[in-house]
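Positions are given from 1, in the same order as the sequence printed here. Counting convention: from 1, in listed order, for ligands and their atoms alike.
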Amino acid sequence: MSNYSEITSIVNSILKKYDLCDQCLGRLFSKQLHLSSNKFLGKKLKKNYISKSKCYVCKDLFCNLDHFLKLMLDLSSNYEFQTYGVGIIIKPSIVDRDDFIRSKYKLKGIDSIKTDISKELIKLFTKKTQKTLDSFDPEITFTVNLKDESCQLHSKSITIFGKYVKSERGYAQKQTSCDNCSGMGCRVCDFHGISEFDSVEGIISQYIFKKFGGTTTKFTWIGGEDNSSLVLGDGRPFFVKLQHPNKRKSRLTSTNLNSVKLKNLKIIDKFPKKPISFSSSVKIKISSKTTLDTHYLRKLKNMCNAPVMVYEKSGKCFEKQIFSLNYKKISSHTFSLFMKVEGGLPIRRFIEGGDVSPNISEFLNCECKCDVFDFHGVDIH
Ligand SMILES: [Zn+2]
Ligand SMILES: [Zn+2]
């Protein structure tokens, strides 16, 4: 059936029983006639037929698409994007009537009404904004709900890589979650999941929210430190995923945020999935309960390149390496240790002994206390 006169006879029998709008009527036949405009074809097929009631299938939904286009334009005006996608929700009764007409008149291989509404909205939106449709991985996605006349927008997350230098003691690495929502995001915390910004995480997040908008940040740190530790040298690398960003391009370099300095910031394609192996250069100040024995101190170097076993409360056990080690005796009860160690070695436990074997206290045969430890470099392998 591709003969125009055959089509005309089906059109006449449909229109005798069911009033259809130009768009819905044209859609039923445009594919077999290889035409692209359903509306134009529908108008042509209807000739002098004048509709007496609303379209049987869509109830004149197609006349109302400008309203939904406006919702999309308003909603997206606060977002920077190049590509977009559209999802549609329509009343099941519309789909049912569409299916009914198609099966009653044995019309196959045509677009569903849902597909056609999407196509029309995409046509209108692209024309208005010059943005590009991307059905697979768009930067923003609209969910247009024609049932309750609403529209939602989802903005794809971005991932930022950077390094931070912490030049002042007393800041925690991680930020405590908002009391009200435990980090899920609520009105109290402006959907950030955190309401204070007094940690490394908080300070970096605040900077990122200012630069890109968005809701919550999720960090992957390359190692961690104590509140009292400094992070010097090139700084500690981190990855941060920002949900629902308003902006997705920004000139990033380095920035000073008081006690935290951010370096090498850049937007990257993907959040790392696998654990990252790294090493840390760390300087530790240690004090001992009893007089330090120089004989043992001299032997500290022997700890290099032998495995250090770390036992966790969970029953798990892992092995870490010490790549280099130097010490400097300060007094009879204090010394400094400079080490390059495999990432993940718990420094305090390695000094004081706490299910880490060997450990410094045990090795020096005296009870040692880790007064403070600072990082002088963290290298990703
Ligand atoms: Zn219609
Ligand atoms: Zn909250």
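Of the candidates Arg169, Arg348, Arg349, Arg348 is the only one forming a salt bridge (charged side-chain N to carboxylate O under 4.0 Å, His left out) with Asp226.
Near-neighbour remark for the Zn ion (ligand 1): protein N, O or S atoms under 2.8 Å are Cys21 SG, Cys24 SG, Cys55 SG, Cys58 SG; waters not counted.
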Please list, one pair per line, the donor and acceptor atoms closer than 3.5 Å that link side chains of residues 296-303 to other protein atoms, with sequence neighbours excluded.
unit_1: Lys301; atom_1: NZ; unit_2: Leu325; atom_2: O; d: 3.1
unit_1: Lys301; atom_1: NZ; unit_2: Asn326; atom_2: OD1; d: 3.2

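Classified by interplanar angle (parallel below 30°, tilted 30° to 60°, perpendicular above 60°), the ring pair Phe238/Phe219 is tilted. Using cut-offs of 30° and 60° for the angle between ring planes, the Tyr56 and Tyr18 rings count as tilted. Using cut-offs of 30° and 60° for the angle between ring planes, the Phe125 and Phe81 rings count as parallel.
Residue pairs meeting the side-chain hydrogen bond (donor to acceptor under 3.5 Å, both in side chains) criterion with at least one partner in residues 203-216, sequence neighbours excluded, are Ser205-Thr217.
Protein N, O or S atom count below 2.8 Å of the Zn ion (ligand 2): the structure gives 4.
A salt bridge between Lys52 and Asp19 is absent, with no side-chain N of the basic residue lying under 4.0 Å from a carboxylate O of the acidic one. A salt bridge links Asp98 with Arg102; the closest basic N to acidic carboxylate O contact falls under 4.0 Å.
Between the side chains of Asn38 and Asp116, at least one donor N or O lies within less than 3.5 Å of an accepting N or O.
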